[in-house]
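In what follows, every chain begins at residue 1, and chains take the letters A, B, ... in the order their sequences are listed.
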4 protein chains.
Amino acid sequence: MPRQALAFRVPMRHPGDVSEIAALFEAAALRPEEVVAILGKTEGNGCVNDFTRAYAVSALAGLLGARLGTTAEAVMARVALVMSGGTEGGLSPHFLVLAVREVAAPATGALAIGVGFTPDFAPEEIGRMAQLRTTAAAVRAAMADAGITDAREVHYVQVKCPLITSAKVADAAARGRDVATSDTYASMGLSRGAAALGVGLALGELDEATLSDAAIGEDWALHSGRASCSAGVELERCEVIVLGNSPAWAGDLIIGHDVMADALDFGAVQRALASVGLGAPGQLAPAALARLVAVLAKAEPASTGSIRGLRHIMNDDSDINATRHARALVGGVIAAAVGRTDLFVSGGAEHQGPDGGGPVAVIARK
Amino acid sequence: MPRQALAFRVPMRHPGDVSEIAALFEAAALRPEEVVAILGKTEGNGCVNDFTRAYAVSALAGLLGARLGTTAEAVMARVALVMSGGTEGGLSPHFLVLAVREVAAPATGALAIGVGFTPDFAPEEIGRMAQLRTTAAAVRAAMADAGITDAREVHYVQVKCPLITSAKVADAAARGRDVATSDTYASMGLSRGAAALGVGLALGELDEATLSDAAIGEDWALHSGRASCSAGVELERCEVIVLGNSPAWAGDLIIGHDVMADALDFGAVQRALASVGLGAPGQLAPAALARLVAVLAKAEPASTGSIRGLRHIMNDDSDINATRHARALVGGVIAAAVGRTDLFVSGGAEHQGPDGGGPVAVIARK
Amino acid sequence: MPRQALAFRVPMRHPGDVSEIAALFEAAALRPEEVVAILGKTEGNGCVNDFTRAYAVSALAGLLGARLGTTAEAVMARVALVMSGGTEGGLSPHFLVLAVREVAAPATGALAIGVGFTPDFAPEEIGRMAQLRTTAAAVRAAMADAGITDAREVHYVQVKCPLITSAKVADAAARGRDVATSDTYASMGLSRGAAALGVGLALGELDEATLSDAAIGEDWALHSGRASCSAGVELERCEVIVLGNSPAWAGDLIIGHDVMADALDFGAVQRALASVGLGAPGQLAPAALARLVAVLAKAEPASTGSIRGLRHIMNDDSDINATRHARALVGGVIAAAVGRTDLFVSGGAEHQGPDGGGPVAVIARK
Amino acid sequence: MPRQALAFRVPMRHPGDVSEIAALFEAAALRPEEVVAILGKTEGNGCVNDFTRAYAVSALAGLLGARLGTTAEAVMARVALVMSGGTEGGLSPHFLVLAVREVAAPATGALAIGVGFTPDFAPEEIGRMAQLRTTAAAVRAAMADAGITDAREVHYVQVKCPLITSAKVADAAARGRDVATSDTYASMGLSRGAAALGVGLALGELDEATLSDAAIGEDWALHSGRASCSAGVELERCEVIVLGNSPAWAGDLIIGHDVMADALDFGAVQRALASVGLGAPGQLAPAALARLVAVLAKAEPASTGSIRGLRHIMNDDSDINATRHARALVGGVIAAAVGRTDLFVSGGAEHQGPDGGGPVAVIARK
């Protein structure tokens, strides 16, 4: 039987509110065991002390655990729970539930979801070629899981990756190994960056000969146009979710993407929309909007300090973190195109799109 | 000799940096005595303790005073210096210098600038019909000054208005009068609101019979689509700048406007652009962008707590003021249309456009 | 058998970390069924969008529910979980677990804990005399529960109280009743204020003839020197915890208090310490510090805008909420006296101590 | 004729308000030409985008320039204007004006003020031994200027130092030199640190053999207990103000200091007060307070993440900068001792006191 990918976008009233997902289960729109990933946009600051992410994960794991009769730990081992903090500007807190169902219907060619995992990493592998290459292998495994053979049919790759904690630094030192950085916060960026370059390698966007430990976190010209990576303290491996289109899948969902060259790249957003049949001269009309299921994008402040030659103040603002400004801006630009605000715009875009820009993917009904 | 309106948009490196305006004087592009108003977007928080506005005013008054051989006080009595704090998202700090020059060239029909003033207000008049009606009269005077007889040719009215301080509350009490509010911060909103309704009355947008003390700050259905008001502690009167088009003026500038129904009203932005010849299906192309001189807009969080049915968190965020989120969002939506970030997007939009929306005006070269 | 009050102060690594309380259970220092209340100081902003409180409550209810074999709802009905957000300055996130145990030891006179509850309130009762009087009755019931007959032996009364939501406003309107305020945020202050005045009435600090609906939230001269109130959306009644000294209780704990006249009232802190045998000319010496179990205090910015004649900027800061500055300051002043930072300093002190000041209570080992 | 040091502490209503200093001139309490330095505590965030410092400097230079009949630039070349942003907790915005007057009265032994300057630094010297050694020489020159021969009589050394801008990085590169860091923000810390170690070297607190380029910004065990350094973009040299006691000076002012071992070191504050005759068991009584002229202290978050073993959240807070928490805390601890809030507590304490602690100096009338 072919598989069908399901995607549900539901609001949350606060970071611990999973009632709308429970309602999907109640209404039999979705079965708990079909869920493979939940992406969430929570209303924290998206930075170090953003506990809305962990709170939402706790609530989601509690809900799924109760429904599946298992522990929160077992839920998290099986379902990727990827929370992105920060709903600046007009962004609206919401969950995007991704699920896979075997259906009797014929394969029509549709959205395909594949999952892959790396082994646990040693501390000294994180943020380096070891993580990069292993992540690339996991991406290829996820593509195989999704039944996608042509890398061009992959449009969005979500990676959850580990970081380097103080304990891991000590562990490496005890074994006579050094780590990429002993700064925990910096390690998050290196881990995201290595993962993103791994995606780019697996998808053929990047030539392995150009990649090196030194390039990770340094050479921003190297990037994937389809990677979206987030680092978390709760895992030791990389978890990979590949979203693409496959002739072997059923259903009416389709995915496309483009790359924003900078934060104002409205044309890229329009092209991504057009790639899934939602072309429009201005903002989406209601009929088109009704077919839009999700927009997923990365946002980062341009490191140059300016956008198209005009100074931005994101990097100099000690009251509001730069990534918060960036999400607000990119959220506004995408909302201008689609006319809604429950968009998965996340920060921390190292090697995920060009400096100051980033990938933008769209899931729609045909 | 006909008059010609001049408009220069220049960046600032910090709130005290007026070097680019000085450079206009050095280059003889502009003479100090021609300046009638300077609008500035400064990089503070735009709220109570935003001292970037006063710092910029101090620097501007110092520059103009030195060039004109007069005091800062005399400069401020003659030139409207309107600073709007807050460059959230990608907004870029900049000044917009408005000037008037008598020219030998024939009148071609072009941007016209008129200025008007009310008398000083008694404390008990602020935020009430007395301020509203007197402001309407000043708007009519400014229209006459600009040589505009048809109110439909007015596209943007900037008002600087006073607020109620503790000293004014005491003064009113000593005379046995009550004031609209004894809360200084609330009085800023009431003063902006009364001024905006005065603009609406003068422009024929509103029927005087619908206006009352009680409606000010309460009945948001009443609003002007062309008013932009800011309150300041440094003045006791309203200062009015009318921008419109007049057949009696020379030059190649033109102004148009539209009203954003909500923060995502990309269509209104496109219509405002099209009204000055900058119609485009998506973002402005370079040739069109080169003709764009300024965009002026108001932004406010929707009081309903949602945008097109989706929850926004602006009003519940105790870390970032709601108006900051709103400016970031509207800045992103407008930047999506025009492709640049030095936009005059200001907050505090009581009775200036509908709840959650606001006026957007565009100045362009023909 | 006499009762013994237990108090454990334990750190948390993040708002969802209840491992130190679990460790108390593991070590048999405490049994889950003995717990009557847990106060927590969590590292959120302490304002509207502080989700660290709900996250901690969720984790605590999960822990206790699992240990007691009951639901989170049942836990919350029986144990008061009072989270105060905000660890500004140097305040350290921690829990204070209060428990009651029947012991074979003789009554020696010691810390006594009593609990009381009001019935659920109708919306129109909240923030008014109805809530005030019923809370006073619940305080008397809690005193009886604690076996305290002399109100002078009560040193700290924690109240959790409800607030007025939009749904409650509608409910009241449907029944033809008006509410004290339809502003949800303002209702939290009124509810805290009514509860605090109810404490003052029960303890004989206030004369009922001076109390009225109009005085609540207005007449700051009326206040209790022993009340600490917090409002939460999760309950419809008031929950009261009385802490005092009673000859009928066993154990080595004792409580005392004083009232800080303003945020700098170091003398009041020293007197509160001295009242439980921790008198010291400067900061507590290690031996005295070892006997200190908990300090509980309220903090509020002086509404006058100054402290002892010198301007403070708390009320004008649009980046950091005024209550955050106040907690940081009072936390610093108390930490100066005791030499540690895990202090329960909470904001929202309406009618809880004088304007700009507040109660400070100390629990110590004899 | 002996010299007399004068010190005036005056409030400011906003960062541009120098009216209380003007009032000193009007009242003939002080002559403009006597002013040698003005320290200011302004109500900004004390971080990158704190424009309250530049605004205050602009206002001060304007005032002094007008009174002295010279330019702002000339004022700044002669008078050290040292603004420290951040009045968190209860700290009160104020200026401390330091002046020197020749008097007919006999030398009694009193507060002495000396000034010294380094030459302008090459970019590659900043944050390195070159800056350190030259600053030490300037401190010795300032001591000589003050007539202080015994380094133990120096109690506070304020240094303004330069930073490394992008332009300076480029300049050094063009000459084939490298710089200590190409990160502008980081260079501020290195420059402050090198200056502080220079003070320590000059005062004999540190042994030159222990100092090196590598130790600057790394080895926090090395520090001065009397240095207070701030970096600014507006100067290329170090400006040094030495405050100590000298038998050759007249007047009734005296200075002392101590070093806070951590942020809770109340004992150090009490010792510093006692060293100038203001010993007290608790908070200063009114008569003692009347003799207190100024308290100057440095504050920094402990890099360990804890204070006396209890976790602080300063370094993990992405909403409020760590230095803001630290100033609030240290401000509270010192205010507990003295009973007032117009204290010069500044951040950025690299090598100025031990990790998490800092120097505290007190000026009082005998």
Side-chain angles (χ1 to χ4, degrees), chain A residues 9 11-14 42-45 86-94 262-267 269-271 280-284 289 301-302 306-314 316-317 319-321 324-343 356, chain B residues 9 11-14 42-45 86-94 262-267 269-271 280-284 289 301-302 306-314 316-317 319-321 324-343 356:
Chain A
R9 187 184 48 190
M12 65 179 103
R13 282 186 289 270
H14 58 76
T42 62
E43 59 203 283
N45 63 28
T87 54
E88 298 84 3
L91 291 172
S92 189
H94 69 285
D262 63 21
L264 303 189
D265 194 352
F266 188 73
V269 181
Q270 289 192 309
R271 288 192 303 272
Q283 197 174 80
L284 292 188
L289 183 55
S306 64
I307 303 174
R308 303 191 184 177
L310 295 169
R311 183 167 71 97
H312 69 72
I313 56 83
M314 305 186 202
D316 291 333
D317 192 338
D319 296 311
I320 300 179
N321 191 286
R324 308 198 72 177
H325 283 291
R327 278 190 296 267
L329 172 58
V330 172
V333 170
I334 297 178
V338 302
R340 51 188 303 156
T341 51
D342 47 356
L343 312 165
Chain B
R9 187 184 49 190
M12 64 179 105
R13 281 185 291 270
H14 59 75
T42 62
E43 59 203 283
N45 62 27
T87 55
E88 297 83 4
L91 291 172
S92 189
H94 69 285
D262 63 21
L264 304 189
D265 195 351
F266 189 72
V269 180
Q270 289 192 309
R271 289 192 302 273
Q283 197 173 79
L284 292 187
L289 184 54
S306 65
I307 303 174
R308 300 188 187 181
L310 295 169
R311 182 167 71 97
H312 69 72
I313 55 84
M314 304 186 203
D316 290 333
D317 191 338
D319 296 312
I320 301 179
N321 192 286
R324 308 198 73 176
H325 284 290
R327 278 189 296 267
L329 172 58
V330 172
V333 170
I334 298 178
V338 302
R340 49 189 302 158
T341 52
D342 48 355
L343 312 165

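Note: B/Pro93 leads B/Pro93, B/Pro11, B/Ser306 in heavy-atom pairs under 4.5 Å with chain A. Interface remark: of the candidates A/Arg308, A/Arg311, A/Gln270, A/Arg311 forms the most heavy-atom pairs closer than 4.5 Å to chain B. Between chain B and the options A/Asp319, A/Ile307, A/Ile320, A/Val330, the largest number of non-hydrogen pairs under 4.5 Å is found for A/Ile320. Your options are A/Asp342, A/Leu91, A/Val338, and the one with the most heavy-atom pairs under 4.5 Å with chain B is A/Asp342.
Here the closest non-hydrogen pair linking A/Ala335 and B/Leu264 is CB-CD2, 3.7 Å. Annotation for B/Gly282 and A/Phe266: closest pair CA-CE2, 4.0 Å, computed over non-hydrogen atoms.
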Quick one, A/Leu310 with B/Arg340, criterion side-chain contact (heavy atoms from CB on, under 4.5 Å). Give me CA distance, side-chain angles, the key distance, then yes/no. CA-CA 8 Å; A/Leu310 295 169; B/Arg340 49 189 302 158; 3.7 Å; yes
Go through it in stages, so that I can follow the logic: the residues are A/Thr341 and B/His312, the test is side-chain contact (heavy atoms from CB on, under 4.5 Å), and I'd like the CA-CA distance, side-chain angles, deciding distance and then a yes or no. CA-CA 8 Å; A/Thr341 51; B/His312 69 72; over 6 Å; no
Step by step, would you call A/Val333 with B/Val333 a side-chain contact (heavy atoms from CB on, under 4.5 Å)? CA-CA 5 Å; A/Val333 170; B/Val333 170; over 6 Å; no
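B/Ala280 meets the side-chain contact (heavy atoms from CB on, under 4.5 Å) test with B/Leu284; sequence neighbours excluded.
For the pair A/Glu43 (side chain) and B/Asp317 (backbone), a donor-acceptor distance under 3.5 Å is absent.
Applying side chain to side chain contact (heavy atoms under 4.5 Å, CB included) to A/Glu88 and the options B/Arg324, B/His325, B/Met314 leaves one that passes, B/His325.
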